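Here is the structure we will look at.
Order of the sequence lines sets the chain letters (A, B, ...), proteins ahead of strands, with each chain counted from 1. Please read all numbers here as calculations on a predicted model, not as lab measurements.
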There are 2 protein chains.
Amino acid sequence: MNAESPRGAQTVLAPGATLGILGGGQLGRMLAVAASRLGLHVHIYSPSSDCPAASVAETLSIGAFDDVEAIIDFAKTCDAVTYEFENVPAMSAKGAASVSPLRPGARALDVSQDRLVEKSFLRAQVGVDVAGFEDVGSVYDLKRAVKRLGLPCVLKTRRLGYDGKGQVIIRAAEEIDAAWNTLAPAPCILEAFIPFAREVSVVAARGLDGQIKAYPLTENVHLNHILHTSTAPAAQDDGSAAKIAAQILEHLDYVGVMGVEFFQMPDGRLIVNEIAPRVHNSGHWTQDGGCTDQFEQHVRAVAGWPLGDATPSRRVVMTNLIGDDVNAWATLAAEPGTRIHLYGKSDIRKGRKMGHVNRVIDEV
Amino acid sequence: MNAESPRGAQTVLAPGATLGILGGGQLGRMLAVAASRLGLHVHIYSPSSDCPAASVAETLSIGAFDDVEAIIDFAKTCDAVTYEFENVPAMSAKGAASVSPLRPGARALDVSQDRLVEKSFLRAQVGVDVAGFEDVGSVYDLKRAVKRLGLPCVLKTRRLGYDGKGQVIIRAAEEIDAAWNTLAPAPCILEAFIPFAREVSVVAARGLDGQIKAYPLTENVHLNHILHTSTAPAAQDDGSAAKIAAQILEHLDYVGVMGVEFFQMPDGRLIVNEIAPRVHNSGHWTQDGGCTDQFEQHVRAVAGWPLGDATPSRRVVMTNLIGDDVNAWATLAAEPGTRIHLYGKSDIRKGRKMGHVNRVIDEV
């Protein structure tokens, strides 16, 4: 158990207070809108003035994420600070937390930034199933690890991977050297390949008062390692995933929304793949599910407000608009029951998340 | 029938285009959020930098509404211009329309700015029922008009009245002079008092292609002349109100969302009270009704997009938070099913609209 930052640990943000958000991407953008709706002022910290959140937030500070002094200056203007991504450098997080309540706390960042630390934490401290894994610092480590975990297996950088970046699948012994050369010299982790039946996730929130609310299980389909669709509530939810998410939140003394991704085995067993200490792409469906959306839920949590309703009244399929997909906006706009959410990004690039649509398919 | 501004009459705004909004109050704020969600840039024109829309919009121009040159400069940066209130001066509307498509068009402003013009238009051109009315330019006119319409009756300024401002009820002949002295020398209109059974409204949209979609009938309760609650879908809707709204939209060759307020008589007859060529307070419930909300609907219309779904899946009661009401935010935040929408206004003043809540009471 880790205490939250001692500074302002119980601070509640009333309407008129300022919430700081580290990061100005689409998650920061949607958080900013939710915070404004609750009467909060929003101050975004981003390396770029052209970021998606800039156009909907009241105040923008431009700075690098490793510029600790700039982040402290930013945090001084905020009644609480949160973040939209898990790769906030530890020194910057500590700097922010030294002058303003940082929610979720720095411990959540420590754990989720490093796949090795994350998997060790999940297995040893929370006691949940994760894929077999081995620390890999050299090609010799890697060869030994492949023998232990078997083929196929997946070599991943410990830090900074996302959307399939920083990982290589190894299917045969002859691929080991090439895999290593692709990722070295970054510290790596080798993970056993999981022959899952489906990928699911849970987005759950924990309030400042310790209350936990989980959204229903969500089934996810990835294409080219990027989330393609999320459907919720998913079929066959026995509540296990929400229980695991709650354990993780408790162990981190967490405040805010977290995304927990699972592999589900053919026998139903859940293996935690990774956690994200933030609002999560697989929770975007909540915006049109007839419940409090994950962005407002996160703001409520980090502002010290009671959590909102996490029980949807509608079944929704969220589909990401990746790259050129967004050019179909006129067709999508004409579809009944399809809700469009665009991120205001001017450059369409391959693999870039440009927006998403939520399609209401059913009442729950 | 009036043609829309000839300039760019058929212009469609793709994501990345800029929508200008005249006015930066809460309606402009919620329009700005909706436009951003559709990937549009938003440029607000407001007399005050401290306005509710400023904190959620990308660009803000400060200027007076009668500064025609400033409004033309503003409109030049926009691919289309709309407004959040009906009192845009005619010269300013013409100025904006000379450089950018103005939607809804100037005719809607002309009609709705002046109660006398509005009632004459509704009765003579659209052919719908309105309260009896007389043009009043002097206390002599007023006395004659009272004789014609009978007591009680309501003296109103022709222009700039809202939330009960600019109107006096006359219950007895002895009150005529005092009523006149309260409002003179403003040009006035005397209206017959309507002993209505209830107040209802319809928010309806007309697209650039002429398509019309009306939200269900909404029942409204006013307190101290300010809207207190709106409940939708209202009971006993035979579709007449939506038909009347559609006629009005057609007659104005209207593009955008309009609010039409009615008095409903004990026998069910509908009398049009007034029209508002903009998103309307009695349409705020749409934000949580499970359909396209009125703000997105207005943006879709003025951007030339197909209209969204106007059929709600849930019954909602909207309650305005007036003045001190907003201090109950913590209690409201803890109510299940209550959605909070605050406007970011720093000064709480008596009678000031600070926010609203939508309470979902039922599936439809």
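Ranked by heavy-atom pairs under 4.5 Å with chain B, the first of Trp305(A), Tyr343(A), Trp329(A) is Trp329(A). Highest contact tally toward chain A, considering only Thr292(B), Val33(B), Asp288(B), is held by Thr292(B) [criterion: heavy-atom pairs under 4.5 Å]. For the set Val56(A), Thr311(A), Val360(A), the count of heavy-atom pairs under 4.5 angstrom toward chain B peaks at Val56(A). Of all the listed residues (Arg300(B), Glu335(B), Met354(B)), the one sharing the greatest number of non-hydrogen pairs under 4.5 Å with chain A is Arg300(B). Of the listed residues (Gly344(B), Gly355(B), Ser55(B), Pro306(B)), the one with the most heavy-atom contacts under 4.5 Å to chain A is Ser55(B). Comparing Gly290(B), Ala334(B), Gly289(B), Gly39(B) by how many heavy-atom pairs each has under 4.5 Å with chain A, the most go to Gly290(B). When each of Pro15(B), Ala14(B), Gly16(B) is checked for heavy-atom pairs under 4.5 Å with chain A, Pro15(B) comes out on top. Counting heavy-atom pairs closer than 4.5 Å to chain B, the top-ranked of the candidates His341(A), Arg37(A), Glu58(A) is Arg37(A).
One finds the CZ atom of Arg314(B) at 14.5 Å from the CZ atom of Arg359(B) (value rounded to the nearest 0.5 Å).
Here the shortest heavy-atom pairing between Cys78(B) and Gly20(B) reads SG-CA, 3.4 Å. The heavy-atom pair separating Val42(A) from Ser36(A) by the smallest distance is CG2-OG, 4.1 Å.
Side-chain contact check for His356(B) and Gln287(B): at least one donor-acceptor pair (N or O, by modelled atom type) lies under 3.5 Å.
The closest side-chain heavy-atom distance from Gln297(B) to Val203(B) is not below 4.5 Å.
For Ser346(A), no part lies under 4.5 angstrom from a heavy atom of chain B. Looking at Val326(B), neither its backbone nor its side chain comes within 4.5 Å of chain A, counting heavy atoms on both sides. At a 4.5 Å heavy-atom cutoff, Ala54(B) makes no contact with chain A through either its backbone or its side chain.
The existence of a salt bridge linking Arg339(A) and Asp309(B) is confirmed by a sub-4.0 Å separation between a basic side-chain nitrogen and an acidic carboxylate oxygen.
Judged purely by atom type and a 3.5 angstrom limit, Thr18(A) has no side-chain atom pairing as donor or acceptor with the backbone of Asp79(A). Counting only distance, with no hydrogens or angles, the side chain of Lys345(A) and the backbone of Pro52(A) share no donor-acceptor pair below 3.5 Å.
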